[in-house]
Amino acid sequence: MSGGLCGSSPPPGVRRAAIRAWAIVLFCCVCLAWLVPDGADATPRGGIASTGGWGGPPSESTADHTKFEELEGPFPDGPSVTEACLHCHTNAAKQLHDTTHWTWHYDNERSGQMDLGKRNVVNNFCISIESNWPRCTSCHIGYGWEDDSFDFTSETAVDCLVCHDTTGTYHKVPTEAGRPDPAIDLVEVARNVGPTSRENCGACHFNGGGEDGVKHGDLDTSLNEPDFALDVHMDAEGLNFSCATCHTTGGHEVTGSRYAPNALDRVGIDYPGHTDDTRATCESCHGLEPHPDNSKLNDHTDRVACQTCHIPEYARGERLTKVGWDWSTAGRLDEDGSPITIRDERGYILYTSKKGDFAWASNMTPEYRWFNGIVEYVRMGETIDPSGTVTINTPSGDVDDPDARIWPFKVMRSRQPYDVGHSVLALPHVFGKDDTSFWNNFDWPKALEAGMAAQPIRFSGDYDFVETETYWPITHMVAPKEDAVGCNECHTKGGRLGALTGFYMPGRDTYPWLTLIGWSLAGLTLLGTIVHGLVRLIATLRRRAG
């Protein structure tokens with residue numbers, strides 16, 4: 001049959017079109033082979049053809065700040081730089097005034113707890129910013145928060161440079177309430193501002209708790225230039241994500257909160273018209289079924305956080321993290337009455353008279369808890385039970401909570417002062433040159449009386465030390481998929497999830513009655529097999545004998 005699909009040749013026009021199509025394909029292949037160098041991958045590790053942030057490296061700014069007359073200076077201080085910035089960025093300071101980065105205050109509508117935030121909560125590192133402002137506020141995005149009279153409405157008190165410096169030269173003096181080092185060339189920094197980077201965010205977040213890597217366990221300066229093994233997303237030679245790639249912003253408010261973290265994501269992949277206004281979840285990029293070739297792993301996503309499997313250990317970089325702090329040993333002096341500092345062979349402080357004993361660790365297996373995103377805090381002046389360990393921030397959730405997932409945490413354990421007379425966590429005044437500062441006189445009663453003077457509950461005069469713990473969700477330092485937690489690390493007796501009870505996990509748990517039934521059936525089966533074999537053997541022997 002002429003023109004048929006089988007058993008005949010195609011018409012000449014079809015043959016010519018097919019030849020042209022194949023010629024084009026061959027030409028494209030040759031071009032690609034020529035353009036891609038020998039041994040080069042067409043896409044970087046991770047499969048996304050990008051070397052920068054979301055969708056690629058940041059585009060070049062449409063403004064050249066070196067040409068702005070307002071930035072020619074001279075600038076005597078930080079506020080004068082901000083005043084120049086506000087000539088063009090007229091709403092920037094007002095936007096920042098409404099952010100938690102500025103207020104250090106947070107009201108959690110989900111938990112009902114008001115007056116949270118760094119400004120109000122108690123922790124088990126340096127305990128409280130109250131009466132210690134100039135030291136603690138060195139990480140505030142402002143200038144001059146020296147005491148409780150700081151003007152949070154001041155626009156020129158906003159520090160633009162700490163987040164937008166690209167020179168790497170800008171830094172704040174650790175003891176000067178957020179003011180920059182006077183030796184910095186503020187004109188040079190102001191004329192070279194740009195998008196935020198890991199170094200900008202890390203200046204504070206990598207050094208939380210007063211030193212590199214101390215607080216979080218999954219954030220330290222190793223992430224300034226990480227490799228693929230340390231973090232697959234921030235890999236400096238791969239995807240090279242900045243913090244803002246996931247912690248997206250609007251009106252200068254950065255998504256992702258320690259006080260109300262997003263423990264689960266039911267929206268999935270984030271795109272215009274289908275979004276929860278943040279990419280600070282794994283699901284916002286990878287979706288709700290992130291394992292296309294393994295449906296069994298996808299079955300875990302409604303109960304297990306992605307981080308639980310994909311961050312097998314924390315503090316995996318070049319830095320150790322602090323896991324223990326004993327304030328009760330602070331104040332010991334040498335024979336001459338001088339403060340003592342003891343370091344290990346790597347330079348980490350093991351003891352200092354100002355703060356007591358420290359414990360450090362790296363490559364730590366997280367501790368796991370059910371978590372629904374709600375954290376209950378012990379706030380200033382709230383009664384505690386000193387007979388046991390006081391959990392300062394308790395993750396909420398259990399196996400019966402549909403919003404809860406199994407999450408990995410770093411647990412920081414400390415021993416810190418409490419007011420025996422009132423059964424509240426005590427707030428010491430530690431920083432300052434005055435006679436009541438503990439770091440100046442090593443006198444606990446004086447330091448506690450001064451630190452609690454401005455609180456609703458004043459110091460009773462009687463103090464002791466209590467064991468405390470705080471929970472820090474682990475969500476950075478995502479390992480390559482080859483290093484993810486294996487099935488047998490959880491589904492076995494004494495595995496990673498041994499502390500989580502109240503539910504049945506195959507391979508880990510047994511029911512006595514089910515075990516009895518199983519072994520009984522196995523025994524009956526074996527007995528039946530033996531009886532059956534004996535019957536056949538006897539029958540065979542009888543036939544042969546007859």
Is it the case that [X] and [Y] place a side-chain donor and acceptor less than 3.5 Å from each other?
X      : Y      : value
His205 : Arg198 : no
Ser284 : Asp270 : no
Thr166 : Asn192 : no

Taking [X] for its side chain and [Y] for its backbone only, find out whether a donor-acceptor pair lies under 3.5 Å.
X      : Y      : answer
Glu469 : Thr389 : no
Thr321 : Gly213 : yes
Asp181 : His171 : no
His429 : Ser131 : yes
Asn123 : Ile127 : yes
Asn124 : Met412 : yes

Should the pair [X]-[Y] be classified as a salt bridge under the 4.0 Å nitrogen-to-oxygen rule?
X      : Y      : answer
Glu449 : Lys446 : no
Glu155 : Lys94  : yes
Arg413 : Glu367 : yes
Glu146 : Arg179 : yes

Review point. Under 6.0 Å between the ring centres of His140 and Trp102?
Key: yes
Check your understanding: In this structure, which one of Trp472, Phe409, Tyr471 forms a ring-ring contact (aromatic ring centres under 6.0 Å, His included) with Phe371?
Key -> Phe409
Practice item. Using the ring-ring contact (aromatic ring centres under 6.0 Å, His included) rule, pick out the option among Phe459, Trp439, Tyr418, Phe438 that qualifies with Trp444. Key: Phe438
**Study point:** Name of the residue among Asp218, Asp212, Asp220 meeting salt bridge (Lys or Arg N to Asp or Glu O under 4.0 Å) with Arg319
**Key:** Asp212
Practice item. Evaluate the ring planes of Trp325 and Phe358, with Trp represented by its six-membered ring, and classify them as parallel (under 30°), tilted (30 to 60°) or perpendicular (over 60°). Key: perpendicular
Check your understanding: Angle class for the Trp104/Trp145 ring planes (parallel below 30°, perpendicular above 60°, tilted otherwise)?
Key -> tilted
Exercise for review: State, to 0.1 Å, how close Tyr351 and Asp357 come at their nearest heavy-atom pair, and which atoms those are.
Suggested key: CD1-OD1, 3.5 Å
**Study point:** For Ile457, all residues meeting side chain to side chain contact (heavy atoms under 4.5 Å, CB included), sequence neighbours excluded
**Key:** His422, Val424
Point to revise | Arg343 to Tyr348, cation-pi by 6.0 Å centre distance and 45° axis angle | key: no
